[in-house]
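Scroll down for the structure; my scribbles are underneath it.
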Amino acid sequence: MKIVSIIGTCSFLFANLIFASSLQEQNKALAKRAFEELLSKGRFELAEQLYAKDFVNHGIHRDISLEEDQAALKGWHQAFPDLSIVPEKLIADGDQVAVYWIARGTNTGTGNGLPATGKKAEQSGITIWRIVDGKIKEEWSAFDQLALMQQLGLLDQKQTGAGDADATARKKE
């Protein structure tokens, strides 16, 4: 009887492990699809399929809704019509997926308050999504906005203190 109980417990634990691993792989696949199709290609019609209706993007100063989040994404696509956001690394843990991504594009349009500079920019960042019932429910993201503004020539590097290391390196040459 003890052997049957031990086998049953082991089977249960093994099944849970397989299910959790499978769910994490499904969540990573959803995150990759969101990056490749919606964020990168601008297929905004997919938002209803990929995001929960009560989605919240947790910002530093305030939370925003799915509608506000998608409006900001549309603004990035207006400012960078050739925008590409590539998920480089995906890590799943429980119901969360962390994505290290790299965005590239040329600022030939206006959007999100940016003027068209004609300059190329490259940006990396990290997004963490909580996925519930196959939909993205919450988001936390971070990227270096200062470096983006500098690449576009919208901030003077002397005013921000950036570039000092580069100037020092050039003096040594």
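Clustering ILVMFWY residues whenever any of their side-chain heavy atoms sit less than 4.5 angstrom apart, transitively, puts Ile128 in a cluster other than the one holding Leu23. Cluster annotation: Leu155 is connected to Phe143 through the hydrophobic network of ILVMFWY side chains, with a link wherever side-chain heavy atoms come within less than 4.5 Å. Under a hydrophobic-cluster definition in which Ile, Leu, Val, Met, Phe, Trp and Tyr are linked whenever side-chain heavy atoms come within less than 4.5 Å, directly or via other members, Trp140 and Tyr51 are assigned to different clusters. Leu66 is not connected to Ile64 by any chain of hydrophobic side-chain contacts under 4.5 Å among Ile, Leu, Val, Met, Phe, Trp and Tyr, and they are in different clusters.
One finds the CD1 atom of Ile131 at 9.5 Å from the CD atom of Gln96 (value rounded to the nearest 0.5 Å). One distance of note links CZ of Phe55 with CG of Asp69; it measures 4.5 Å at 0.5 Å rounding. Atom-to-atom distance recorded for Arg33:CZ and Ser40:OG is 14.0 Å, nearest 0.5 angstrom. Rounding to the nearest 0.5 Å places CD1 of Ile102 at 4.0 Å from CD of Glu88. Atom CG of Asn57 is separated from atom OG of Ser141 by 6.0 Å, given to the nearest 0.5 angstrom. Here CD of Glu122 is found 11.0 Å from NZ of Lys120. Values are rounded to the nearest 0.5 Å.
For the 3.5 Å distance criterion, the side chains of His58 and Glu139 fail to qualify, holding no donor opposite an acceptor. Residues Trp101 and Ser124 have side chains that never bring a donor and an acceptor to within less than 3.5 angstrom of each other.
Two residues are said to be in side-chain contact when any heavy atoms from C-beta on lie closer than 4.5 Å; Leu73 and Phe44 meet this criterion. With a 4.5 Å cut-off on side-chain heavy atoms, Val56 and Asp54 do not count as touching. By the 4.5 Å heavy-atom criterion applied to side chains, Lys89 and Val99 are not counted as neighbours. Side-chain contact between Phe35 and Val86: absent, with no pair of heavy atoms (C-beta onward) separated by less than 4.5 Å. A heavy-atom distance below 4.5 Å is not found between the side chains of Ile91 and Val97. Within the 4.5 Å cutoff, side-chain heavy atoms of Leu114 are placed close to those of Met149.
Distance alone, capped at 3.5 Å, is enough to place a donor-acceptor pair between the Thr117 side chain and the Lys119 backbone. With hydrogens and angles disregarded, a donor-acceptor distance shorter than 3.5 Å links the side chain of Asn107 to the backbone of Gly109. Side-chain atoms of Asp144 come within 3.5 Å of backbone N or O of Ala147 as a donor-acceptor pair.
Of all heavy-atom pairs between Gln78 and Thr110, the closest is CB-O, 3.2 Å. Of all non-hydrogen atoms in Lys28 and Leu90, the two that sit nearest each other are O-CD2, 3.5 Å. Counting all heavy atoms, side chain and backbone alike, Ala52 lies closest to Lys135 at N-CB, 3.7 Å.
Within a 6.0 Å sphere centred on CG of Asn112, other residues, nucleotides and ligands contribute more than 12 heavy atoms. The environment of CD in Glu68 is crowded: more than 12 heavy-atom neighbours from other residues, nucleotides or ligands sit within 6.0 Å.
Looking at Glu37 and Lys41, no side-chain N of the basic residue comes within less than 4.0 Å of a carboxylate O on the acidic one, giving no salt bridge.
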From CA spacing to verdict: side-chain contact (heavy atoms from CB on, under 4.5 Å), Gln150, Leu146: CA-CA 6 Å; Gln150 289 172 334; Leu146 177 61; 4.1 Å; yes

- request: Show the numbers, then the answer: is there a side chain to side chain donor-acceptor pair (under 3.5 Å) between Gln49 and Arg43?
  value: CA-CA 11 Å; Gln49 293 176 26; Arg43 294 191 54 207; over 6 Å; no

